[in-house]
Amino acid sequence: MMFDGPTVLALDGGNSKTDVALVTAAGRILARARGGGFRPNQGKAAALAVIGGLARSVLDEVGLERATLLSACLANSDLPREDEEYGGWLFGQGLAERVEVTNDVFALLRSGTRARAAVTVVCGAGMNCVGVAPDGSVVRFLALGTFTGDWGGGGTLAREAMFWAMRDEDGRGGPTGLTRAVAEHYGRSSAHAVAEAMHLGEIDGGQLHELVPVLFAVATAGDPMALAVVQRQAEEVIAFAMAALRRLDLLAIDTELVLGGGVLAAREPVLLDPILSALSAQAPRAHVTIPEIRPIVGAVLLGLEHLSGGAPVAEATERQIRADFGD
């Protein structure tokens, strides 16, 4: 299938997966692909090869040498210099005539709202936040880990579940239902046996993330230790949101607050209820949204807006794009 006309190659590169879509200037989908996550901290060359190969595959499917514009929203592209570095590499692959790169939190923000005043907090494998004011001012956070003030996300929650299970079992901590739940989840006799199996490679360390829903189940059952971990996660989401709202002077105006990432998208009441309660009291003019659409939609919409020189996507076109990606 050949296509002659302006095109946007949109790329949402998250920690766990990468979505790519090739669309026309009118938003019609020409090709799509999904692959592995974008993790440059594990090797930039390999990470870029993953997303570059996916991008090339959708171009080849349509028979195009290059797109008019590549809109890439990438996890772990946390600094302007990283946006430039990754953009330069993608441009060098001949994937598009123009390349725009930013952090994937912007894809989540745009997928959740078209409002001019908006903040998004993402809680997936890690944590991040971005805010935009009506005058175009932007607030970003480094979000590079604990040394830049960050705590939370699925990786942290899973480690906390294992941490408190072990401390209960060996006497360094108080009792918690996490101990039995962790052992049962992996089919082992104890949390100690789980830790030993992970150390020896009998349980893949990548499976540690499976403890996130285990933690929520134990917290929902009323376990104080698990509840304390979940409460801290709620406080971190609130802290990010309130910091962005204050820094942009958005507390006094109606503002869209988009919550996303796998941990928040799961809509666990034990986590979500305290967040919504606190935001209702502290930021009553913030309207919370948890988009069910995939962030690739945000990358597409941002790309179309770059393609048109900043003009907003027509509402009818945006509705159709959202419907087309709603599978």
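Here the structure is a predicted model, which is why all the values come from computation and not from measurement. We count residues from 1, following the sequence as given.
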- Passes side chain to side chain contact (heavy atoms under 4.5 Å, CB included), E315 versus R114? Steps please. CA-CA 9 Å; E315 290 190 26; R114 60 186 284 131; 3.6 Å; yes

- Task: Please report the C-alpha distance between V229 and Q233 in whole Å, then the side-chain angles of each, then the deciding distance to 0.1 Å, and finally whether the side chain to side chain contact (heavy atoms under 4.5 Å, CB included) criterion is met.
- Result: CA-CA 6 Å; V229 174; Q233 179 64 88; 6.0 Å; no

- Should N103 and D78 be marked as a side chain to side chain contact (heavy atoms under 4.5 Å, CB included) after you check the CA-CA gap, both sets of side-chain angles, and the distance that decides it? CA-CA 6 Å; N103 189 271; D78 297 297; 3.3 Å; yes

- Item | Derivation of the side chain to side chain contact (heavy atoms under 4.5 Å, CB included) call for I203 and R188 | CA-CA 11 Å; I203 297 175; R188 304 284 166 153; 3.8 Å; yes

- Task: May I have the step-by-step check of salt bridge (charged side-chain N to carboxylate O under 4.0 Å, His left out) for D104 and K17, ending in yes or no?
- Result: CA-CA 12 Å; D104 66 334; K17 55 80 188 161; over 6 Å; no

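Using a cut-off of 4.0 Å between Lys/Arg side-chain N and Asp/Glu carboxylate O, E100 and R98 are scored as salt-bridged. A salt bridge is absent between K44 and E82: the closest approach of a Lys/Arg side-chain nitrogen to an acidic carboxylate oxygen does not fall below 4.0 angstrom. Salt bridge absent: R322 and E292 never bring a charged side-chain N and a carboxylate O closer than 4.0 Å. No salt bridge links R32 with D12; every basic N to acidic carboxylate O contact stays at or beyond 4.0 Å.
Both tests hold for R247 against F141: distance to the six-membered ring centre under 6.0 Å, angle to the ring axis within 45°.
Defined by atom type and a distance below 3.5 Å, a donor-acceptor pair is missing between the side-chain atoms of D168 and T176. E160 and W164 are linked by a side-chain donor-acceptor pair at a separation below 3.5 angstrom, with hydrogens and angles left out of the test.
Its side chain within the 4.5 Å cluster rule, L302 clusters with V105, F106, L108, L109, V122, V130, V132, V138, V258 among the Ile, Leu, Val, Met, Phe, Trp and Tyr residues.
The backbone N or O of P295 sits nowhere less than 3.5 Å from a side-chain atom of S111 that would complete a donor-acceptor pair.
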